[in-house]
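Take a look at the structure set out below.
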Protein chains: 2
Amino acid sequence: MPKVGMEPVRRKALVDAALRVIGDQGTLAVTMSEIARNAGVSPALAHHYFGSKEQLLIETVRSLLRQLRDDTVTALSVAATPREKLSALIRVSFQASQFAPDTIAAWLAFYSEAQRSEDVRRFLVVYARRLRSNLMASLKALCPVDDAERIAEGAAAMIDGLYIRQSLRSAPIGIEASIALTEDYVTSHLDQLHRQGRAI
Amino acid sequence: MPKVGMEPVRRKALVDAALRVIGDQGTLAVTMSEIARNAGVSPALAHHYFGSKEQLLIETVRSLLRQLRDDTVTALSVAATPREKLSALIRVSFQASQFAPDTIAAWLAFYSEAQRSEDVRRFLVVYARRLRSNLMASLKALCPVDDAERIAEGAAAMIDGLYIRQSLRSAPIGIEASIALTEDYVTSHLDQLHRQGRAI
DNA sequence: TATTTTTGATTGACTCATCAATCAATAAAA
DNA sequence: TTTTATTGATTGATGAGTCAATCAAAAATA
């Protein structure tokens, strides 16, 4: 039943399937067969389009990252002031699409994989940098650079930490609580600078 | 060259080797052969003493957790006031032994594995609970319970977040900087409560 | 328009490697 | 001689990657 132009469709289906399977198994010890089955095609086809499992995995991180970037761009575009942009950045990280158990499990699996695959590591570093630089951009408008750096570092760490804790599913902190906690961190530190007359 | 009483020695050697290999590969996709080789024994011996790979891995998380608990107990015992105990808890998390790249990679690998193995997950939940309850014990002496809960949650998240970010080894935040950031979080929130007259 | 040719999509069957787990055999204590 | 420590060799399962073959759409040609 070969219809022409299937390539992009299949690529997407396979990447999505990889995400699902990884999210489900919570590990990169997933097989091509399983991914292919989940996508409704044969294992051979997965190889045909991606060449190797590694490559399919890379593509999968990439898609995760792209999703997050798109969400971020959208959120930032509707935020007017630097302070609003900060809130938008925090909110995006805990957005439902990012906070879904499957997605969290997949991120975690990739963090673990990053220790072995230089390619995967590079993508995660991009994520870390992006979050940091987005936070910095807004913070610099609100306080001196060195304070901004500290706050950005702290906020980023807190976001990642809340994220990873979510993966254990014990005493799960909800989306709103996570946002409130991070929001609180930023606010209280900015307030502190304000009182010290160091804010802008 | 069988000498009697080798069992405990070998068990420890194998667990230590597992930790090294996992830390090195950053994943639980490690083989019994590799672990055994690293411990200087045959794969068959590893099976002899642990029965299965899963069991050896469980034992390895356990040892990680025990190490952390011992460090924590020691650190808490020399701290007198609640505030000092808080600092001690923070410091322990970033202690050299916990902050070694291998150890970080191993923790990460186990977090990822926790999605699949209920046993591993249980151990990590124990860790999370322990950290939280230790923080709470000291915080409750310094502020109302609901504030304590928020601060404990935030501090724990920040610790985990700094930890995970360390694993990417990009723009690595040092031990001291990590401690300072977390310390800063706790201090500024306690100060805030103080100003509001809600601290104890 | 009818036909042949080329190309893209797809898979079943296969190969090769790896790995967890088993077991029987050996060697040294006790 | 019984027990403990240890391993080499083997087995059985699984999984990544390859390949040749099939099928149908599209393009080219008659």
Side-chain angles (χ1 to χ4, degrees), chain A residues 1-61 109-110 112-113 116-120, chain B residues 1-61 109-110 112-113 116-120:
Chain A
M1 313 76 175
K3 270 171 287 189
V4 115
M6 278 287 98
E7 171 146 4
V9 177
R10 292 273 118 107
R11 290 190 95 98
K12 179 163 178 8
L14 283 164
V15 165
D16 289 351
L19 209 54
R20 275 194 301 272
V21 176
I22 292 166
D24 186 52
Q25 310 239 135
T27 175
L28 291 193
V30 292
T31 69
M32 282 299 247
S33 309
E34 199 150 357
I35 294 172
R37 192 178 330 128
N38 197 287
V41 298
S42 76
L45 195 69
H47 272 100
H48 173 66
Y49 283 129
F50 289 95
S52 73
K53 184 179 161 184
E54 169 89 2
Q55 211 49 45
L56 168 53
L57 258 24
I58 299 276
E59 217 52 54
T60 308
V61 204
F110 283 122
S112 181
E113 180 68 7
R116 238 189 335 161
S117 161
E118 183 55 35
D119 288 308
V120 171
Chain B
M1 308 79 180
K3 269 171 289 188
V4 114
M6 277 287 97
E7 172 148 1
V9 177
R10 292 274 118 107
R11 287 190 98 96
K12 181 166 177 7
L14 282 163
V15 165
D16 289 351
L19 209 55
R20 274 194 301 272
V21 176
I22 291 166
D24 186 52
Q25 308 238 133
T27 175
L28 291 193
V30 292
T31 68
M32 281 299 245
S33 308
E34 200 149 356
I35 295 172
R37 193 180 328 129
N38 196 287
V41 298
S42 77
L45 195 69
H47 272 99
H48 174 65
Y49 283 128
F50 288 94
S52 73
K53 185 179 161 184
E54 171 87 2
Q55 212 47 47
L56 169 52
L57 257 24
I58 300 275
E59 218 52 54
T60 309
V61 203
F110 284 121
S112 182
E113 180 68 6
R116 238 189 335 162
S117 162
E118 184 55 34
D119 288 310
V120 171

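Note on naming: letters A, B, ... go to the chains in the order of the sequence lines (proteins, then strands), and numbering restarts at 1 for each one. The structure displayed is predicted, hence computed values, not measured ones.
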Quick check on side chain to side chain contact (heavy atoms under 4.5 Å, CB included): which of Leu19(A), Val30(A), Val21(A), Leu14(A) does Asn38(A) satisfy it with?
Val21(A)
Residue list, side chain to side chain donor-acceptor pair (under 3.5 Å) with Arg116(B), at least two apart or on another chain
Glu113(B)
Heavy-atom donor-acceptor pair, Ser42(A) side chain to Ala36(A) backbone, under 3.5 Å
no
Within residues 16-27 of chain B, find the residues that approach DNA chain C with a heavy atom at under 4.0 Å, and present them sorted by residue number.
none
Looking at residues 44-52 of chain B, who's got a heavy atom less than 4.0 Å off DNA chain C?
Ala44(B), His47(B), Ser52(B)
Nearest-angstrom distance from the residue atom CG of Leu28(B) to P of dA20(C):
12 Å
Test side chain to side chain donor-acceptor pair (under 3.5 Å) applied to Arg10(B) - qualifying residues, sequence neighbours left out
none
Once you round it to whole Å, what is the distance between P of dT4(D) and CZ of Arg11(B)?
14 Å
Using the side chain to side chain donor-acceptor pair (under 3.5 Å) criterion, which residues pair with Gln55(A)? Sequence neighbours excluded.
none
Below 3.5 Å between N/O atoms, which protein atoms pair up with nucleotides 13-15 of chain D? Just atom names and distances, please.
none

Residue whose closest nucleotide on DNA chain D lies nearer the 5' end, Pro43(A) versus Val41(B):
Val41(B)
Taking only residues two or more places apart in sequence or in another chain, which ones pass side chain to side chain donor-acceptor pair (under 3.5 Å) with Asp24(A)?
none
Under 4.0 Å: is that the gap between some side-chain N or O of Arg10(A) and OP1 or OP2 of dG8(C)?
no
Sequence neighbours excluded, which residues qualify as salt bridge (charged side-chain N to carboxylate O under 4.0 Å, His left out) partners of Glu7(B)?
Arg11(B)
Tell me the interatomic distance from Gln55(B), atom CD, to dA20(C), atom C1', rounded to whole angstroms.
15 Å
For Ala39(B) and Ala13(B) the tightest heavy-atom approach is CB-O, 3.8 Å
Atom CE of Met6(A) and atom P of dT11(C) are separated, to the nearest Å, by 12 Å
Under the salt bridge (charged side-chain N to carboxylate O under 4.0 Å, His left out) test, residues paired with Glu59(A) that sit two or more places apart
Arg62(A)
Across all chains, not counting sequence neighbours, the side chain to side chain contact (heavy atoms under 4.5 Å, CB included) partners of Asp16(B) are Lys12(B), Arg20(B)
Between Ala109(B) and Ser112(A), what is the shortest heavy-atom contact and its length?
CA-OG, 3.6 Å
